[in-house]
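Worksheet: the structure to be examined is printed underneath.
Below, read A as the first sequence line, B as the second, and so on, with proteins coming before strands; counting in each chain starts at 1.
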Number of protein chains: 2
Amino acid sequence: MTVRRHDPDRRSRIIDVCLDLIAEVGVAGVSHRKVAAAADVPLGSMTYHFTGMDELLREAFGRFSRGVSDGFEQRMSEATDLTTARAAVVEIITRDVFGTHRDLVLTHELYTLAAREPAYRELTNAWMARSRAALERHFDPVTARMLDALIEGLTIHRALDTEAPRPETVTEAVRRITAAG
Amino acid sequence: MTVRRHDPDRRSRIIDVCLDLIAEVGVAGVSHRKVAAAADVPLGSMTYHFTGMDELLREAFGRFSRGVSDGFEQRMSEATDLTTARAAVVEIITRDVFGTHRDLVLTHELYTLAAREPAYRELTNAWMARSRAALERHFDPVTARMLDALIEGLTIHRALDTEAPRPETVTEAVRRITAAG
DNA sequence: GGGCGATGTGTACGAGCGTACGCAGAGTGG
DNA sequence: CCACTCTGCGTACGCTCGTACACATCGCCC
């Protein structure tokens, strides 16, 4: 009948496609059938590779948050002193994190899940812990914590507000937070 | 047959119940039928009072965001000088905004919708504009903007992180941001 | 009192969903 | 070349969904 396709990356590809689909239509709009169609795999593959929608979602968001964290750490590891560290934070806010609409949407979808279900909160916890750790390479723990929150807030407002904060505002905010107490 | 119940607040009650339901099971889990059952109205009332799910959701989140904004303005209007204004902001972060789990979840659900659909972004825009205006009663526009973002970030982290930022951290962050440039 | 809009409701239909499950077919040991 | 196993797939079932629509009931005006 149909050619039995032997691609060992199928499971992984399903996860990627699932993320794309979530970004497009939201967690609410995702179904086994749609993912299967988008990934060009038979419906049966869904139940074969994943015990259910929940497992798929958790793996997808795990992959996503790890990816964002990687970028964050990368960016911070390139800084060598206070000045470059500050600049790195500004870069993260204004370019990295939600550089793409996809990332923005996915982040909020994850937060929404995390707000309701503890299982997903483990993902956000790990994510935030890694962010803070990366920031603590250059700032004291308390400042790192504030910075992390500031990054979060500015990025969200940049995305959800019509008039985004101007670059100078971001730079100034980072300066104030990182100014020695 | 069934007693025709004449309550003129039915439409309004449906909206309230819808918000509760969203908080409980998420936008994804809400359906006409569930709302109808929870509000104790016949299924037909749904289509009678609302053209569709979208209208219901938009009205519900409109009511919600207006309510939160009201609280925000209230709190800020009580401040009289820099010290009390700072304290008010701290209060907002640590107690008001997402004092209840319900508010937290609803906010994220709204953000998620806003991230994808412009129609809902109008709600978040208005919300943020009002927040900023309230802050500008006590702070210059640029500082107000930063503060708004900081409030956002700290509140989210307070909700989605296992180890919430300590109260002193919040106070200190507000102090740094509002310190004269 | 009787007719008639307006208001509100019950029901039925078709679409889309997750999941279970029987079965095809490739690989392998004899 | 056969038999058996294990990977992977197609299909069908039962359910929930949004929506349309025919109909009941109320208040009002003549």
Side-chain angles (χ1 to χ4, degrees), chain A residues 1-62 109-110 112-113 116-117 119-120, chain B residues 1-62 109-110 112-113 116-117 119-120:
Chain A
M1 189 51 68
T2 31
V3 170
R4 143 91 142 253
R5 305 210 262 97
H6 180 50
D7 55 338
D9 301 337
R10 171 165 295 188
R11 203 185 125 95
S12 178
R13 184 155 44 87
I14 290 175
I15 294 174
D16 283 336
V17 165
C18 180
L19 278 176
D20 286 340
L21 206 56
I22 292 171
E24 196 179 333
V25 299
V27 169
V30 168
S31 71
H32 277 174
R33 283 172 160 85
K34 285 182 189 169
V35 176
D40 191 30
V41 301
L43 177 59
S45 276
M46 293 293 119
T47 50
Y48 180 74
H49 287 292
F50 305 91
T51 62
M53 204 65 203
D54 230 52
E55 180 178 332
L56 175 55
L57 284 182
R58 217 146 37 215
E59 294 223 23
F61 280 115
E109 293 281 355
L110 174 56
T112 300
L113 287 176
R116 196 178 356 264
E117 295 178 42
Y120 292 92
Chain B
M1 190 45 68
T2 31
V3 170
R4 142 90 141 255
R5 304 208 263 99
H6 180 50
D7 55 337
D9 300 338
R10 170 165 297 188
R11 203 186 124 94
S12 178
R13 185 156 41 89
I14 290 175
I15 294 174
D16 283 337
V17 165
C18 180
L19 277 176
D20 287 340
L21 206 55
I22 292 171
E24 197 179 332
V25 299
V27 169
V30 168
S31 70
H32 277 175
R33 284 173 160 85
K34 286 182 190 167
V35 175
D40 190 30
V41 301
L43 177 59
S45 277
M46 293 293 120
T47 51
Y48 180 73
H49 288 292
F50 305 91
T51 62
M53 204 64 205
D54 230 52
E55 181 177 332
L56 175 54
L57 284 182
R58 218 146 35 215
E59 294 223 23
F61 280 116
E109 293 280 355
L110 174 56
T112 301
L113 288 176
R116 196 180 353 267
E117 294 179 41
Y120 293 93

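For the segment residues 23-36 of chain B, the set of residues with a heavy atom within less than 4.0 Å of an atom of DNA chain D comprises B/Ser31, B/His32, B/Arg33, B/Lys34, in numerical order.
In this structure a side-chain-to-backbone donor-acceptor pair under 3.5 Å is missing from A/Lys34 to A/Leu21. B/Arg13 contributes a side-chain N or O that, together with a main-chain N or O of B/Ala39, makes up a donor-acceptor pair within less than 3.5 Å.
Taking every heavy atom of both residues into account, A/Leu19 and A/Phe61 meet most closely at CD2-N, 4.5 Å.
Atom CE of A/Met46 is separated from atom P of D/dG10 by 12 Å (rounded to the nearest Å). Taking atom CG of residue B/Leu56 and atom P of nucleotide D/dG18, one finds them 10 Å apart after rounding to whole Å. Residue B/His49 contributes atom NE2, which lies 16 Å from atom C1' of D/dT19 at whole-angstrom precision. The interatomic distance linking A/Met53 (CE) with D/dT16 (P) rounds to 19 Å, in whole Å. One interatomic measurement links the two molecules: OH of A/Tyr48 to P of C/dA20, which rounds to 16 Å at whole-angstrom precision. Going from atom CZ of A/Arg10 over to atom C1' of D/dT7 covers 11 Å, rounded to whole Å. For the pair A/Leu43 CG and C/dA20 P, the computed distance is 12 Å after rounding to whole Å. One can place CZ of B/Phe50 at 14 Å from C1' of C/dG8, the figure rounded to the nearest angstrom.
Salt-bridge formation is detected for the pair B/Arg116/A/Glu109: a Lys NZ or Arg NE/NH1/NH2 atom is positioned less than 4.0 Å from an Asp or Glu carboxylate oxygen.
Picking from C/dT9, D/dT11, D/dG18 the nucleotide with the shortest atom distance to the side chain of B/Ser45 gives C/dT9.
Separating the CG atom in B/Asp16 from the OG atom in B/Ser12 is a distance of 5.0 Å, to the nearest 0.5 Å.
The side chain of B/Thr47 contributes no N or O atom lying less than 4.0 Å from OP1 or OP2 of D/dT19.
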Distance-only criterion, 3.5 Å: show the donor-acceptor pairs between side-chain atoms of residues 46-60 of chain B and protein atoms not counting sequence neighbours.
from    : atom 1 : to      : atom 2 : distance (Å)
B/Thr47 : OG1    : B/Gly44 : O      : 3.1
B/Thr51 : OG1    : B/Glu55 : OE1    : 2.7
B/Asp54 : OD2    : B/Arg58 : NH1    : 3.0
B/Glu55 : OE1    : B/Thr51 : N      : 3.0
B/Glu59 : OE1    : B/Arg11 : NH2    : 2.9
B/Glu59 : OE2    : B/Arg11 : NH2    : 2.1

